[in-house]
Structure formats: structure tokens, C-alpha cells
2 protein chains.
Amino acid sequence: MSSISDMIESFIMDSLGEGEYLDISRNELANYFNVAPSQINYVLSTRFNYERGFLTESKRGGGGHITIMRADDSTSVWLDGILDRLNQEVDYRTGCYIVDELVNKKFFKSSQGEIIKTAISPNALANPFKLENRLRSQILRRIILKHNIKQHGESKTSSI
Amino acid sequence: MSSISDMIESFIMDSLGEGEYLDISRNELANYFNVAPSQINYVLSTRFNYERGFLTESKRGGGGHITIMRADDSTSVWLDGILDRLNQEVDYRTGCYIVDELVNKKFFKSSQGEIIKTAISPNALANPFKLENRLRSQILRRIILKHNIKQHGESKTSSI
DNA sequence: GCTTTTTGACTTTCTTTGACCTTTATTATA
DNA sequence: TATAATAAAGGTCAAAGAAAGTCAAAAAGC
């Protein structure tokens, strides 16, 4: 009666036991239950999300894995820390850093993170042009030119 | 479970212990773990970079070696020194000298160093207002600060 | 019919490897 | 002795491989 996702959920719950966190391999687990690897993601996002008291982290590539953690006091401390920082002014870089942290902890998806970053970018938030724009194009022009020359060997301009 | 890179990382960490720095031979280490020598570079650049609190130096040729150092207070003193110099005007030669120093300490990759040198070159900065030297120190300062901030997340300056 | 589950094609990220390059030290030679 | 050749490191970069992520369509439950 219960779906495979439910079985995977209880399997993970059992493996977690009383522990604070658990490391799993997405592929192994999917293999064990004979399901598509992405179904593990489905289980994680529907059963082991923040609302249900969990946070997950992962790493791709060789030796990649997924970590499932209980979202306990320390998590809310972490979140409070971030909210505290947002009581002061936050420049673009810091904002991105915070967004990355939140994405990392699967608080937001990375696609959502991108939107957020765009929303808080200098471009989005401000300022009609100033004189520095001319300089900027000059610098960029210079860098691109030199890069191009270096790659194609035709050096007609001085090295700097 | 964990990748070989992770094992190499902990091996280095263990060897370093509480010490301030550690000398290793790239080839020996690669041999010990049965990996391509370049994988040692991979571990160094992903795990023992400035972001993570380390600086590395190396020497080639006979008796060559790699030194892994904790980026501690003295590092920030060194960095502060450079930033101090950038409070005055900086001509192109001096700028390149500083960039070389930063590349030497693996603060930037040499490919990044090239870009920076181009960005502060007379050609890039030529402008009608004869502000070249002031601009140069400003740009250099900006790049280093941003790099440093990006790595440590302490942002006291505005994003642009 | 609507919601939840399952699947699979495509994407992104991280690791591993290898071929080729640069620098430094040592040794041989004029 | 100065210089040229050789050997002994480490550096770089790109390709191949190994995971996990995304998204939308199909299938299954209710």
C-alpha cells in the first residue's frame, strides 16, 4: 500500500536512528530500492525538508554523498545569526554570500538563489550612469584585446 | 566513501598538526597515494587555499618542495602592508611588483595576475584627467580587497 | 480531475588522470 | 671558469569520469 518513497523514508529514518546526521550515497540507495536516482531527491525534498525538521547537504563528483541532518537548536541559532546580520545594511557581496549559505543548506534551491542574487544586485537596485562607465569600457576593452592577442599570437600592440 | 582527495587532505592536516607550516614533496606524496602528481595540486588548490586559511609556496628543480603554511596573523600583517602601500599612488612598475608578490604567495593565480597587470597598465588607464596613478592604486586596492573579502566574508566596503 | 509518485533525459559540480610546460639544480664541456 | 646540457622537480590545463541536481512528462492513487 505504502509507496516506495515511504519505504525509502523509513529506511532513512531507521538508518538515522537517534543520530544527529546521516551520510548516504544517492546512487547506492536508488540502486538498493531499484528506483531512479532522482526519486531519492524527491524523498528528500518531500520528507526531509526544513518544515519536517531536517536539512540536507550534498557533494557531487567522485566520493559524492548526501548528508541528512536533524534541524535542531543549532540550526535555529544559525538562522538567527543570518537574520541578525540582516538587521544591518548588507552590500551585494555579503548578500550573495548569505544566499550561497542558504542555498548550501538547501534552504533555497540554487535556481531560487540566482533570482535572489539578481534581485539584490547593484544593477537591479540602483544608480543611473556616471563617468566611470567610460573608464570601465576602456579597461574591459584592453583586457579582452590583450587576451585575444595572446591567444592568436598576432601581436601588433605593445605588451601592456 | 570519501574521495582520495579527502584522504590526502587529512593526511596533510595530520602531518601539519599544530605546526605553522609543513614541507612536502609533491612526487612522494603522489606516489604514496598512488595518484597523479597533479592531484596534489588539486588538493592544494581546493583545500589548502587562502579561503580555507592556508598559503602555499613551492620550488621546482632538484630538492624542490611545497610549503603549506597557516595563513595567520602575520599573513594579515603582510596583506595590510600591501594595502597600506595602495593608499599612496602607485606607478605601473610598482603595481606589477606588488602583483608578482601576491602571485608568489598564491594569493592570485598567475593567470589572474596577468589580467590584473593589464587592468592597471598605462594603456588601460590612459585618460584625459591625468589621474592614472591614483586610479591604479584604487583599482589594485579594490581587487585585493574584494578577493580577500570574498574569501573571508568580512565585508566592510561597498560592493562596487 | 487533482495530487502524489515515478521515471528519464539533460545539466552541473567535483574528482581523477595524463600530456605537455617551466623552473631550478647539477653535471659535463669548452 | 663560464656555459651548455641534462635531470629533477613542480605547474597547468583540458579531457574523461563520477557523482548529485533539475525539471517536466508519464503513471498511479484517491
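Worth saying up front: this structure is predicted, and the values here are computed from it rather than measured. In what follows, every heavy atom counts, from backbone to side chain, and hydrogens, waters and symmetry copies are set aside.
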| said: So does A:G53 get a backbone contact from the side chain of A:R70, meaning a donor-acceptor N/O pair under 3.5 Å? | reply: no
| Is the side chain of A:N31 donor-acceptor paired with the backbone N or O of A:N27 at a distance under 3.5 Å, no angle test? | no
| said: Mind checking if B:G64 touches a base, just sugar-phosphate, or nothing, with heavy atoms under 4.0 Å? | reply: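 The answer is sugar-phosphate, as B:G64 gets under 4.0 Å only of primed atoms, P, OP1 or OP2.
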| Taking only side-chain nitrogens and oxygens of A:S58, does any of them come within less than 4.0 Å of OP1 or OP2 of D:dG21? |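 Checking A:S58 against D:dG21: at least one side-chain N or O falls below 4.0 Å of OP1 or OP2.
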| message | Whether A:N27 contacts D:dA20 is assessed here as follows: a side-chain N or O lying under 4.0 Å from the phosphate OP1 or OP2. Is that the case? | response | yes
| said: For chain B and DNA chain C, what are the first and last nucleotides along the strand, 5' to 3', with at least one atom under 4.0 angstrom from a heavy atom of the protein chain? | reply: C:dC14 to C:dA25
| Whole-Å distance between D:dA19 C1' and A:E57 CD? |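 The distance from CD of A:E57 to C1' of D:dA19 comes to 16 Å, rounded to the nearest Å.
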| query | Roughly, in whole Å, what's the span from CD in B:E28 to C1' in D:dA8? | reply | 13 Å
| Separation of B:L16 CG from B:I68 CD1 (nearest 0.5 Å) |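 Rounded to the nearest 0.5 Å, the CD1-CG separation comes to 7.0 Å.
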| request: Kindly determine whether B:D6 and B:R47 satisfy side-chain contact (heavy atoms from CB on, under 4.5 Å), including the steps that lead there. | output: CA-CA 9 Å; B:D6 288 337; B:R47 271 88 162 163; 2.4 Å; yes
| Closest approach of A:T56 and A:F48, non-hydrogen atoms and distance? | CG2-O, 3.9 Å
| said: Looking at the base of D:dG21, is there any donor atom on it, or on the side chain of A:R26, that sits under 3.5 Å from an acceptor on the other one? | reply: yes
| Of A:Y42 and A:P37, whose nearest nucleotide on DNA chain C comes first from the 5' end? |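 Mapping each residue to its closest nucleotide by heavy atoms, the 5'-most match is A:Y42.
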